[in-house]
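In what follows, every chain begins at residue 1, and chains take the letters A, B, ... in the order their sequences are listed. All values below were derived from every heavy atom in this structure, side-chain atoms included, with hydrogens, water molecules and symmetry-related copies excluded.
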Amino acid sequence: MRLRRLRRAELPVPSAALARFLIGKTLVRIVPGGRMLGRIVETEAYLPHDAACHAFRGITRRNRVLFMERGHAYVYFIYGNHFMLNVCGEKAGVGGGVLLRALEPLQGLDLMRKRRGRVPARDLARGPGRLAQALNVDMRLEGVDLCAAGPLWLGTPLEPVGRIGRSVRIGISKDAHRRLRFYERDNAYVSGSRALCK
DNA sequence: TCACTGATCGTCT
DNA sequence: GACGATCAGTGAG
């Protein structure tokens, strides 16, 4: 399977559909030292009118990028040490997106370890904070178009996609019952406890 | 394989 | 001034 960038028109609306669509797709990060590439194996959707979504209370300085046209990168900083990488998932002005929670590293593992240290491949990008650290994602990448040539973009699958599972989202307190987390079943690079992988 | 804890800081109330 | 879409470390079972 040959790698090419995803076109914006290919991205389904709304964000819940996009979250499922992105499982098995690739994420490519270009840095001066080379290229990092991984399969997206776990995502979560954050919808408009969803109390857990940063867009819920309207536009603020922090979340304004989340209101961009789908396919742009929304990055935020949390818990004092972690960056989270999201893909905007709605029409411009609406506000909603997809959190990228885990990656199966395929290329550039040595570059990821420069950031993550000497950890097993399984732990390089298992979890949203680790994913961002491995790919050297921070606020500088906010607003980047993931459907255009640049430092970070979304690509077509390089391998077939397995069965997709679904569960409640991890680590949130508001609207916690919604089953908006998607993941590739039986994939060792997915985060979360066993109970969430049924 | 859980459960719990501290670290750490930008953003919004 | 409180809180959060997390992680690494520790300790118990």
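At a threshold of 4.0 angstrom between heavy atoms, the contacts of Gly129(A) are confined to the sugar-phosphate backbone, with no base atom among them.
The distance from atom CZ of Phe83(A) to atom C1' of dG10(B) is 10 Å, rounded to the nearest whole Å. Atom CE in Met84(A) sits roughly 19 Å away from atom P in dC3(C) (whole-Å rounding). Computed from coordinates, the Arg118(A) CZ to dA8(C) C1' distance equals 18 Å when rounded to whole Å. Atom pair Arg64(A):CZ and dT11(B):P shows a separation of 10 Å (rounding to whole Å applied). Look at CD1 on Ile172(A): it is 9 Å from P on dT6(C), rounded to the nearest Å. Spacing between atom CG of Leu124(A) and atom P of dA8(C) amounts to 11 Å, rounded to whole angstrom units. In this structure, Ile78(A) places its CD1 atom 13 Å from C1' of dC12(B), rounding to the nearest Å. In this structure, Glu44(A) atom CD and dT6(C) atom C1' are separated by 12 Å, rounded to whole Å.
When Glu42(A), Glu104(A), Arg163(A), Arg126(A) are each tested for a side-chain hydrogen bond (donor to acceptor under 3.5 Å, both in side chains) with Asn187(A), only one passes: Glu104(A).
Between Asn81(A) and Met139(A), the residue anchored nearer the 5' end of DNA chain B, judged by the nucleotide with its closest heavy atom, is Asn81(A). In terms of position on DNA chain C, the residue among Gln133(A) and Gly80(A) whose nearest nucleotide sits closer to the 5' end is Gly80(A).
Comparing dA5(C), dT11(B), dT13(B) against the side chain of Arg62(A) picks out dT11(B) as the nearest. Closest approach to the Tyr79(A) side chain among dA8(C), dT6(C), dT11(B) is made by dT6(C) (side chain taken as heavy atoms from C-beta onward). Proximity note for Arg130(A) (side chain, C-beta onward) versus dA8(C), dA5(C), dT11(B): the nearest is dA8(C). Counting only heavy atoms from C-beta on, Thr60(A) has its side chain closest to dT11(B) among dG4(C), dT11(B), dA8(C).
Close to dG4(C), at under 4.0 Å from its OP1 or OP2, lies no side-chain N or O of Arg169(A). An OP1 or OP2 oxygen of dA5(C) is reached within less than 4.0 angstrom by no side-chain nitrogen or oxygen of His82(A). For dA5(C), neither phosphate oxygen OP1 nor OP2 lies less than 4.0 angstrom from any side-chain nitrogen or oxygen of Arg181(A). For dC7(C), the OP1/OP2 oxygens have no side-chain nitrogen or oxygen of Arg126(A) closer than 4.0 Å.
Both distances falling under 3.5 Å, in either a Watson-Crick or a G-U wobble arrangement, place dA8(C) opposite dT5(B).
Applying the 6.0 Å contact sphere to CZ of Arg62(A) captures more than 12 heavy atoms from other residues, nucleotides or ligands.
Aromatic stacking is not marked for Phe77(A) over dG10(B), as the cut-offs of 5.5 Å for the centres and 30° for the planes do not both hold.
Lys25(A) places none of its side-chain heavy atoms less than 4.5 Å from the side chain of Leu154(A). Side-chain contact between Leu100(A) and Asn86(A) is absent, with no heavy atoms from C-beta onward closer than 4.5 Å.
A side-chain N or O of Arg116(A) and one of Gln133(A) form a donor-acceptor pair less than 3.5 Å apart.
In summary, the aromatic rings of His54(A) and Tyr76(A) are positioned with their centroids under 6.0 Å apart.
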